[in-house]
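Just so it is clear, the model here is predicted, and its values are computed rather than measured. These numbers come from the heavy atoms of this one structure, side chains and all, not from hydrogens, waters or symmetry mates. One-based numbering along the sequence shown.
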Amino acid sequence: MFEAEPVEPKRPQVRPATVDKRFRAFDPHQVLLLPPSLDDWLPEDHLARFVADLVDEVLDLSPVLADYTEKRGFPPYDPRLMVRLLIYGYTTGVRSSRAIERRCVDDVAFRFLAAGQAPDYRSIARFRRRHLDALADLFLQSLHLAQKLSMVKMGRVALDGTKLEANASKHKAMSYGRLVDKEEKVEAEIAELEAKARALLADAEHVDAAEDQIYGVDGKDTDLPAELDRREKRLARLQAARARIEAEAADKARRHAEDKERRRQVRAGAGDEQAVADAGEKAAKTARPKPKAQANFTDPDSRIMKNSDGAYIQAYNAQAVVDEQHQVITAADVTCNASDALNYTSMLDQSARNTGIHPKQDLVDAGYCSDANLEAAKERQLACGTDTFMATGRLGHDEQVPPAPHGRIPTNATLKERMARKLRTKPGRKAYSRRKAIVEPVFGQIMTCQNGRQLLLCGEDGARGEWRLLAACHNLRKIFRHTGAAGLTAALA
């Protein structure tokens with residue numbers, strides 16, 4: 001409707017074919033005349049080189065190799081390759097078998113360690129599960145290696161625990177009271193389905209038309225038995241979980257009654273083991289689980305525990321003893337009990353057994369404080385010379401300790417009052433102030449650098465093996481920082 005002069009379309013600005021600047025030669029399709037060398041892929045001080053030298057020249061892999069006795073079948077991957085990948089993966093936070101498989105293609109360090117091979121995730125997962133005990137024993141080898149390098153002094157150690165998330169959801173757990181109610185409900189549903197199935201089968205030959213109305217023209221009469229089978233399997237899982245809770249309650253009652261009977265006999269000056277066994281058996285028969293006692297269907301060994309953030313998670317209680325000198329872990333274990341108090345003696349004994357040395361001082365927090373542990377600490381000081389600094393937490397109303405104690409300790413003071421008085425002295429405050437600086441960074445490094453907040457393996461044995469593998473990789477990282485990638489063999493020579 002309006003006259004307008006034609007407009008020429010804008011032409012895109014084309015970069016000049018030639019420029020004055022000279023660039024480096026770049027040809028993505030260049031064919032290499034000679035194959036590349038693996039040694040050219042990584043810098044000399046890279047962690048992967050340290051792991052390769054460690055596995056090839058230092059670690060003892062005979063427990064892994066001894067498991068291969070069958071000559072027939074397709075040749076498996078070299079155990080050195082798999083151990084290399086697992087140690088480097090657990091050290092750098094790549095723990096999933098699928099993630100390791102991807103890194104063997106995408107990551108230069110993993111390709112260096114695998115020499116260009118790429119094991120599939122099933123092979124990696126099966127190798128880890130099959131040789132979990134041997135991989136967990138790498139913790140002792142890492143500790144002894146640190147001792148050879150004078151990185152463990154055992155002058156002062158710290159004991160602490162942390163909650164590791166289990167590979168199970170807390171929503172898959174059920175309390176004992178709810179288990180009983182649910183079991184009765186499922187039994188009633190099964191009885192109803194069985195009655196319905198019997199009625200349908202009895203009339204099946206005479207009421208084909210009625211079955212067509214129930215199941216449809218193309219339907220099958222196997223729908224009801226399949227539903228019945230599903231309910232029966234569910235009932236079996238409920239009964240198994242109930243049996244586990246009842247067995248745990250009976251075992252706990254037995255141990256408590258036996259301990260109580262032994263203490264009574266010590267006071268009376270007697271020693272009748274048959275009476276101890278009878279008391280434990282009687283308590284086990286009458287034991288009844290608490291209504292809130294829970295069992296998890298995915299990982300029955302795990303428990304709901306309260307973590308440091310105050311949240312309740314399905315978890316295991318991981319324990320560690322750490323040496324002050326280089327923050328090397330000297331003992332590592334996993335328990336199903338949320339309380340730390342049960343692990344005081346066993347963890348310090350494990351540390352002394354692993355290193356062959358009793359520490360001069362051990363620092364523990366209030367979670368380990370109990371009358372039994374205070375008595376054990378007193379006996380340990382007399383037997384081994386280990387001086388214990390154990391936080392007592394809040395004192396009772398009848399327990400009084402002055403803020404700055406002076407003078408002699410009252411003769412009627414309890415062990416808890418004596419320990420609280422000891423921690424309020426100047427040497428006690430100075431020693432105990434080192435506890436967090438020794439053990440807390442270790443847990444932080446494992447959680448962040450090694451991605452060890454959640455376990456991948458189920459069961460108490462799987463959790464213990466994986467935690468010790470994480471502890472071994474933590475120690476190896478400390479050794480790498482101490483010696484460097486190329487200094488390990490020279491330091492051991």
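- Considering only heavy atoms from C-beta on, Leu85 stays 4.5 Å or farther from Arg103 through its side chain.
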| field | Check against side chain to side chain contact (heavy atoms under 4.5 Å, CB included), Gln381 and Thr388 | value | CA-CA 8 Å; Gln381 184 171 13; Thr388 300; over 6 Å; no
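- Smallest separation of non-hydrogen atoms from Cys473 and Ile87: SG-O, 3.7 Å.
- Within the model, atoms CE of Met347 and CG of Leu342 stand 13.0 Å from one another, a figure rounded to the nearest 0.5 Å.
- Taking the side chain as every heavy atom from C-beta outward, Asp340 and Val364 never approach each other to under 4.5 Å.
- Remark: the backbone N or O of Asp301 is paired with a side-chain donor or acceptor of Arg303 at under 3.5 angstrom.
- In this structure, Asn337 places its CG atom where more than 12 heavy-atom neighbours from other residues, nucleotides or ligands lie under 6.0 Å away.
- Between His482 and His326, the ring-plane angle classifies as perpendicular under the 30° and 60° cut-offs.
- For the pair Arg380 and Asp349, the salt-bridge criterion is met [side-chain N within less than 4.0 Å of a carboxylate O].
- Between the CD atom of Gln454 and the CD atom of Glu165 there is a distance of 5.0 Å, given to the nearest 0.5 Å.
- The distance from the CE atom of Met390 to the CG atom of Asp362 is 7.0 Å, given to the nearest 0.5 Å.
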| query | Could you go step by step and tell me if Met151 and Asp323 meet the side chain to side chain contact (heavy atoms under 4.5 Å, CB included) rule? | reply | CA-CA 9 Å; Met151 296 176 61; Asp323 182 73; over 6 Å; no
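- Counted within 6.0 Å of CZ on Arg130, heavy atoms from surrounding residues, nucleotides or ligands total more than 12; the atom is thus considered enclosed.
- Of the possible donor and acceptor atoms, none in the side chain of Ser351 sits under 3.5 Å from a partner among the backbone N and O of Ala331.
- Evaluation of the side-chain hydrogen bond (donor to acceptor under 3.5 Å, both in side chains) test over residues 75-94, restricted to residues two or more places apart or in two chains, returns Asp56-Arg84, Asp78-Arg80, Tyr90-Arg128, Tyr90-Glu466.
- Here the OG atom belonging to Ser150 is positioned 9.5 Å from the CD atom belonging to Gln325, to the nearest 0.5 angstrom.
- The closest donor-acceptor contact from the side chain of Asp309 to the backbone of Ala311 lies at 3.5 Å or more, if one exists at all.
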| said: The test is side chain to side chain contact (heavy atoms under 4.5 Å, CB included); show your working for Ile479 and Phe50 and say whether it passes. | reply: CA-CA 10 Å; Ile479 294 172; Phe50 170 80; 3.9 Å; yes
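- No donor-acceptor pair under 3.5 Å is formed between the side chain of Asn317 and the backbone N or O of Lys163.
- Of the inter-residue distances, the one linking Arg468 atom CZ with Leu138 atom CG reads 12.0 Å to the nearest 0.5 angstrom.
- Side-chain contact check for Val157 versus Ile438: every heavy-atom pair is 4.5 Å or farther apart.
- Looking only at side-chain heavy atoms (C-beta outward), Ile100 and Leu86 come within less than 4.5 Å of each other.
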| request: Report the C-alpha separation of Met447 and Leu164 in whole Å, then their side-chain angles, then the decisive distance to 0.1 Å, and conclude whether the side chain to side chain contact (heavy atoms under 4.5 Å, CB included) test is met. | output: CA-CA 9 Å; Met447 300 304 173; Leu164 299 180; 3.3 Å; yes
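- In summary, Asp39 and Arg49 engage in a salt bridge, as defined by a charged side-chain N under 4.0 Å from a carboxylate O.
- Contacts of Arg98 classified as side-chain hydrogen bond (donor to acceptor under 3.5 Å, both in side chains), with partners at least two apart in sequence or in another chain: Tyr121.
- In this structure, CD on Gln327 lies 10.5 Å from CD on Glu440, to the nearest 0.5 angstrom.
- Taking 4.5 Å as the limit, some side-chain heavy atom of Leu81 sits within range of a side-chain heavy atom of Pro119.
- Side chain of Gln147 to backbone of Thr355: a donor-acceptor contact under 3.5 angstrom is found.
- We find that Asp333 and Arg464 are joined by a salt bridge, their nearest charged nitrogen and carboxylate oxygen being less than 4.0 Å apart.
- Remark: side-chain polar atoms of Asn354 are paired, donor with acceptor, to backbone N or O of Gln350 under 3.5 angstrom.
- Contact detail for Asn373 and Ala341: the closest heavy-atom pair is ND2-O, 2.8 Å.
- Evaluated for a salt bridge (Lys or Arg N to Asp or Glu O under 4.0 Å) with Glu324, the options Arg434, Arg435, Lys153 yield exactly one hit, Arg434.
- The side-chain heavy atoms of Tyr68 and Pro79, taken from C-beta on, include a pair separated by under 4.5 Å.
- Under the 3.5 Å distance criterion, the side-chain polar atoms of Thr330 are matched with a main-chain donor or acceptor of Val321.
- Looking at Asp299 and Asn167, their side chains never come closer than 4.5 Å, going by heavy atoms from C-beta outward.
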